Amino acid sequence: MSDGSSFYITTPIFYVNDVPHIGHAYTEVAADVLARWHRQAGDDAWLLTGTDEHGQKILRTATANGVTPKEWADRLVETAWKPLLQIVDIKNDDFIRTTDERHEVNAQKFLQHLYDAGHIYTGEYEGFYCVGCEEYKQPSDLIDGTGEFAGQQVCAIHSIPVELLHEKNYFFRMSTFADQLLALYEENPDFVQPAAARNEVISFVKQGLSDLSISRSSFDWGIKVPWDDSHVVYVWFDALLNYITAAGYGHDDEKFSRLWPATHIVGKDILRFHAVIWPAMLLAAGIEVPRRVFGHGWLLVGGEKMSKSKLTGIAPSQITDTFGSDAFRYYFMRAISFGQDGSFSWEDLSARYQSELANGFGNLASRVIAMVVRYCDGEIPTPTVFTEDDELIRATEKRATDAAGDAISRLAIHEAIAAIWELVDELNGYITSQEPWALAKDPADRARLEAVLFTAVRGLGTLAVLLSPVVPQATAKLWQALGGTGELTDQRIDRAWQWTGGTHVSPLEALFPRIEATVG
RNA sequence: GGGGCGGUAGCUCAGCUGGUUAGAGCAGCGGACUCAUAAUCCGUCGGUCCCGGGUUCAAGUCCCGGCCGCCCUACCA
């Protein structure tokens with residue numbers, strides 16, 4: 001997995017009008033962990049995230065706030081979305097906004113290309129329009145009217161009848177790609193993951209695809225259709241293109257050929273856009289389809305899907321203010337099988353923080369470094385004779401490194417962390433059974449003491465390298481305390497067992513201090 | 001209506017193509033130890049594997065029928 005090959009990974013772009021919650025942060029962290037891992041494996045990793053800023057809703061809220069839509073988006077990007085990345089420590093390589101010129105210009109190129117190739121035609125969109133909402137409603141958004149509107153379909157929000165309107169639209173001939181898509185899913189079983197998501201996508205496409213309305217003329221906040229500036233591009237069509245416009249499509253061929261195709265990490269709610277519409281668009285344009293589309297699960301709070309409307313939405317800062325960004329990252333990556341829904345609770349978060357991060361990993365670092373300081377004046381021993389017990393730790397270091405790497409290649413982040421944690425647990429057991437504090441009492445045991453402490457220190461070094469993508473701040477502190485040379489993030493993760501630390505340790509404050517106050 | 005997923009110890013979850021006494025972590029309980037963030041280590045308690053049938057020498061694991069929860073069925077992470 002470490003051949004310097006390209007690993008281009010994306011998150012969905014944030015719809016700027018949303019309020020950031022831990023679901024957004026979860027997606028970001030997952031993609032960031034994968035990107036950091038691949039960077040440390042020597043791959044040409046590139047993490048893209050960004051914002052989706054067009055559409056009628058944004059135009060409306062901007063107007064309501066007395067600013068232009070661009071000003072409104074600027075404000076939200078700076079006050080909500082970029083800070084979110086800081087809060088959970090995302091190391092993205094790029095941040096694209098759909099209002100960037102590089103996006104708008106090249107999205108238009110893409111569209112013109114499809115138009116010239118005959119994949120777009122003029123049609124008529126028919127839909128139910130609510131004058132209260134000033135937008136088209138899906139049939140599922142309508143309810144049966146009551147009172148004077150009994151017998152009619154009314155808007156669920158305004159309880160007034162909707163009007164059946166017709167609008168000239170441009171349509172993408174998506175229907176013609178159903179067979180190609182099915183062949184794609186068949187020939188490349190990993191294209192859509194996990195398997196449950198793949199099954200849903202396949203059964204959906206087997207029902208047949210309709211053409212997709214891709215333009216709107218009832219408002220103008222969007223990318224102009226190049227051959228008809230009375231229309232703007234439908235927001236989803238616009239948004240999906242960010243993955244290629246950011247990668248250089250249409251303006252930087254060298255970059256584009258280096259990065260593309262991407263691995264897309266998305267929430268399962270928007271899987272269809274990425275696994276059906278998006279590849280269809282690319283097939284039409286003659287561009288390679290994505291490498292992989294991975295649909296992760298929902299965060300469940302109290303057994304229910306977290307939702308802003310139900311007030312179960314939790315801001316990431318609520319967690320990081322108390323536990324820190326590392327704990328946020330660790331918790332969601334470890335406690336949830338990536339791809340499945342996962343339940344969040346403050347109790348579980350607190351319990352895992354305490355038992356796994358503070359008592360498990362953090363305390364291991366404290367006890368090892370404290371002993372090297374105390375028994376060896378901080379100098380890391382360089383023993384030459386090792387026992388079978390020491391070799392077992394060595395073997396675990398290698399096994400954890402390989403198993404974690406394998407898990408990451410399958411996007412099984414939780415499995416990777418579980419594999420690494422075997423080393424944490426074994427090291428704690430090893431230290432207890434070797435009793436270095438007892439060895440330190442007798443000068444005759446000096447060589448043995450040094451072998452034990454070196455083994456433990458090297459184990460910590462392996463952990464620092466392996467866990468760096470997940471808990472970058474704590475491991476950076478640990479790396480410094482181990483006297484590691486260079487940046488921790490430059491240490492090869494696929495060779496994490498190789499000791500690349502220093503000659504002296506320095507005292508280490510608690511990596512994950514106990515948190516006394518109950519939260520929630 | 002159709003389709004998918006899930007229902008396993010108090011909690012969160014593993015259990016691949018059916019095969020010895022159903023596992024892990026956490027919590028609980030008992031003990032050991034002191035290097036460490038009252039931490040670590042060892043031991044231990046704990047399950048009608050949703051219910052009812054069936055196939056089989058053998059089923060948590062396959063089939064049928066129920067019950068419960070969640071999701072998808074064209075534009076919300």
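Keep in mind that what you see is a predicted model, and the values were worked out from it rather than measured. Below, chain A is the first sequence line, B the second, and so on; all start at residue 1.
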Measure the distance from [atom1] on [X] to [atom2] on [N] and round it to the nearest whole Å.
X	N	atom1	atom2	result
His274(A)	C72(B)	NE2	C1'	17 Å
Gln354(A)	G28(B)	CD	P	12 Å
Gln340(A)	C13(B)	CD	P	9 Å
Met371(A)	U34(B)	CE	P	13 Å
Asn199(A)	C5(B)	CG	C1'	10 Å
Phe361(A)	U40(B)	CZ	P	14 Å
Tyr185(A)	G4(B)	OH	C1'	16 Å
Lys441(A)	C35(B)	NZ	C1'	10 Å

Gap in Å between the two [atom1] atoms, one belonging to [N] and one to [M], rounded:
N	M	atom1	result
G60(B)	C49(B)	C1'	5 Å
C11(B)	C51(B)	P	16 Å
U48(B)	C16(B)	C1'	26 Å
C63(B)	A74(B)	P	29 Å
U61(B)	U56(B)	C1'	13 Å
G3(B)	U12(B)	P	30 Å
C62(B)	G6(B)	P	10 Å
A24(B)	A9(B)	C1'	11 Å

Partner lookup for [N], please. Criteria are Watson-Crick or G-U wobble with both distances under 3.5 angstrom; report none if nothing qualifies.
N	answer
U55(B)	none
G28(B)	U44(B)
G18(B)	none
C33(B)	none
C13(B)	G23(B)
G1(B)	U73(B)

Test item: side-chain donor near acceptor, [X] and [Y], under 3.5 Å:
X	Y	value
Thr49(A)	Glu28(A)	yes
Asn169(A)	Ser213(A)	yes
Thr10(A)	His264(A)	yes
Arg399(A)	Thr396(A)	yes
Arg367(A)	Asn428(A)	yes

May I ask you to evaluate whether [X] reaches the phosphate of [N], defined as a side-chain N or O under 4.0 Å from OP1 or OP2?
X	N	value
Arg374(A)	C35(B)	yes
Ser343(A)	C13(B)	yes
Gln434(A)	C33(B)	no

What is the nucleic acid contact for [X], judged by heavy atoms within less than 4.0 Å: base, sugar-phosphate only, or nothing?
X	result
Gly362(A)	base
Leu271(A)	nothing
Glu435(A)	nothing
Phe273(A)	sugar-phosphate
Tyr375(A)	sugar-phosphate
Ile277(A)	nothing
Ser366(A)	base
Ala370(A)	sugar-phosphate
Gly208(A)	base
Pro436(A)	nothing

Picking from [options], which would you name as closest to the side chain of [X]?
X	options	value
Glu200(A)	C76(B), C71(B), C70(B)	C71(B)
Arg514(A)	G3(B), A38(B), C26(B)	A38(B)
Asn428(A)	A14(B), C41(B), A38(B)	C41(B)
Arg272(A)	C35(B), C26(B), C72(B)	C72(B)
Asn363(A)	A14(B), C35(B), U37(B)	U37(B)
Glu356(A)	U40(B), G25(B), A74(B)	G25(B)
Trp236(A)	C35(B), U37(B), C76(B)	C76(B)

- Task: List the steps and the verdict of side chain to side chain contact (heavy atoms under 4.5 Å, CB included) for Ile380(A) and His504(A).
- Result: CA-CA 5 Å; Ile380(A) 298 171; His504(A) 285 76; 5.7 Å; no
- Derivation of the side chain to side chain donor-acceptor pair (under 3.5 Å) call for Thr98(A) and Glu53(A): CA-CA 6 Å; Thr98(A) 55; Glu53(A) 308 181 7; 5.2 Å; no
- Query: So which one's nearest nucleotide on RNA chain B is more toward 5', Ser213(A) or Ser203(A)?
  - Reply: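 Its nearest nucleotide being more 5', the pick is Ser203(A).
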- Message: If you assign each of Arg367(A) and Val424(A) to its closest nucleotide in RNA chain B, which residue comes earlier from the 5' end?
- Response: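 In this pair, the answer is Arg367(A).
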- Query: Do Arg198(A)'s NZ or CZ and the ring of Tyr185(A) fall within the cation-pi criteria of under 6.0 Å and 45°?
  - Reply: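 Judged by the rule (NZ or CZ under 6.0 Å from the ring centre, within 45° of its axis), Arg198(A) is not positioned above Tyr185(A).
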- Message: Please tell me whether His119(A) and Phe177(A) form a close aromatic pair, meaning their ring centres lie under 6.0 Å apart.
- Response: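 Yes.
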